[in-house]
Amino acid sequence: MFRDAQGRVQRIGAYAVCVDEQRRILLCRITAITNRPGWWTLPGGGVDFGEHPIDAVVRELREETGLVGRVDDLLEVDSLERFMALDGSDPVDFHAIRVVYRVAIMSGDLVHEQDGSTDRAEWFTEAQLASLEITEIGEVGVALAFGPHGTAAPNGIAAPHGSTTD
C-alpha cells in the first residue's frame, strides 16, 4: 500500500476468476482481520513491491487455496475508491486498483489458509451465490464468470467491463 502526503492510501491487488468444469466459481471467505469478516471474495490480494501482478495472483491463489494456477487471460482492471478504516484507525480515502485474471487450476488440493486474511476456500454454483455476502471484487468476478444477470458467456467467462463482443 502507498500512503501519499494527504494521508490517502492506494493499493494494487491481483485476483483470480477460477471456474471449474461444473461451472462453479472459487471464492474465499475473509477473516476478522479485515473490515468484512465472513464475506466472500475472489482469491487474490496485494501485489508486493516489485512483483508482477501475474506472479501475485498465482502466489495468492496458492496461499489462500492450496491450488496451483495458470493465468490464461486478463479480464478486467477495476478501480474502487471509498473511505475505509485500516488497522483500526479512522477511515482514510482508500483507492484500490484491482487486476482480475482468468486462472485455470493446474494442480493441488483445496486447503484453507491459516492465520491470514482468508480462512476458507470453496467452489460455488451460480445458484448458491444468492445466499452469500460477496465483496465488490467478488461481485466483479461473479459477473465475469457468469455474465450480467446470470447470462453465461459461451466460454464460461463474460466479456471484460467496457468491452464489446460480437
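In this chain, residues are counted from 1 in sequence order.
Listed by first and then second residue, the ring-ring contact (aromatic ring centres under 6.0 Å, His included) pairs involving residues 60-80 amount to none (not counting sequence neighbours). Contacts classified as ring-ring contact (aromatic ring centres under 6.0 Å, His included) and involving residues 119-138 (residues at least two apart or in different chains) are given here: W40-F124. Evaluation of the salt bridge (Lys or Arg N to Asp or Glu O under 4.0 Å) test over residues 10-19, restricted to residues two or more places apart or in two chains, returns none. The list of salt bridge (Lys or Arg N to Asp or Glu O under 4.0 Å) pairs with a residue in residues 103-119, not counting sequence neighbours, reads R29-D119.
Here E64 does not pair with R59 in a salt bridge; the nearest charged N to carboxylate O distance is not below 4.0 Å. Salt bridge annotation for D93-R8: absent, with no cationic side-chain nitrogen under 4.0 angstrom from a carboxylate oxygen.
Taking Ile, Leu, Val, Met, Phe, Trp and Tyr as hydrophobic and joining them when side-chain heavy atoms fall under 4.5 Å apart, one finds W39 in a cluster with I30. Under a 4.5 Å side-chain heavy-atom criterion applied to ILVMFWY residues, the cluster that includes V111 comprises that residue alone.
With sequence neighbours excluded, the residues forming a side chain to side chain contact (heavy atoms under 4.5 Å, CB included) with P91 are F83, listed by chain and number. Under the rule for a side-chain hydrogen bond (donor to acceptor under 3.5 Å, both in side chains), the partners of E122 that lie at least two apart in sequence or sit in another chain are R120. With sequence neighbours excluded, no residue forms a ring-ring contact (aromatic ring centres under 6.0 Å, His included) with F94. The side-chain hydrogen bond (donor to acceptor under 3.5 Å, both in side chains) check on Q128 picks up T125, with sequence neighbours excluded. Applying the side chain to side chain contact (heavy atoms under 4.5 Å, CB included) criterion to V77, with sequence neighbours excluded, gives L74, I97. Remark: Q22 pairs with D20, R24 by the side chain to side chain contact (heavy atoms under 4.5 Å, CB included) rule, at least two apart or across chains.
Hydrophobic clustering (ILVMFWY, side-chain heavy atoms < 4.5 Å, transitive): L80 and I12 are in distinct clusters. Transitive grouping of hydrophobic side chains (ILVMFWY, heavy atoms separated by less than 4.5 Å) keeps V68 and V57 in distinct clusters.
L75 has its side chain out of reach of V140: every pair of non-hydrogen atoms, C-beta onward, lies at least 4.5 Å apart.
Side chains of H95 and E81: no donor on one and acceptor on the other come within 3.5 Å.
A donor-acceptor pair under 3.5 Å is formed between the side chain of E51 and the backbone N or O of D48.
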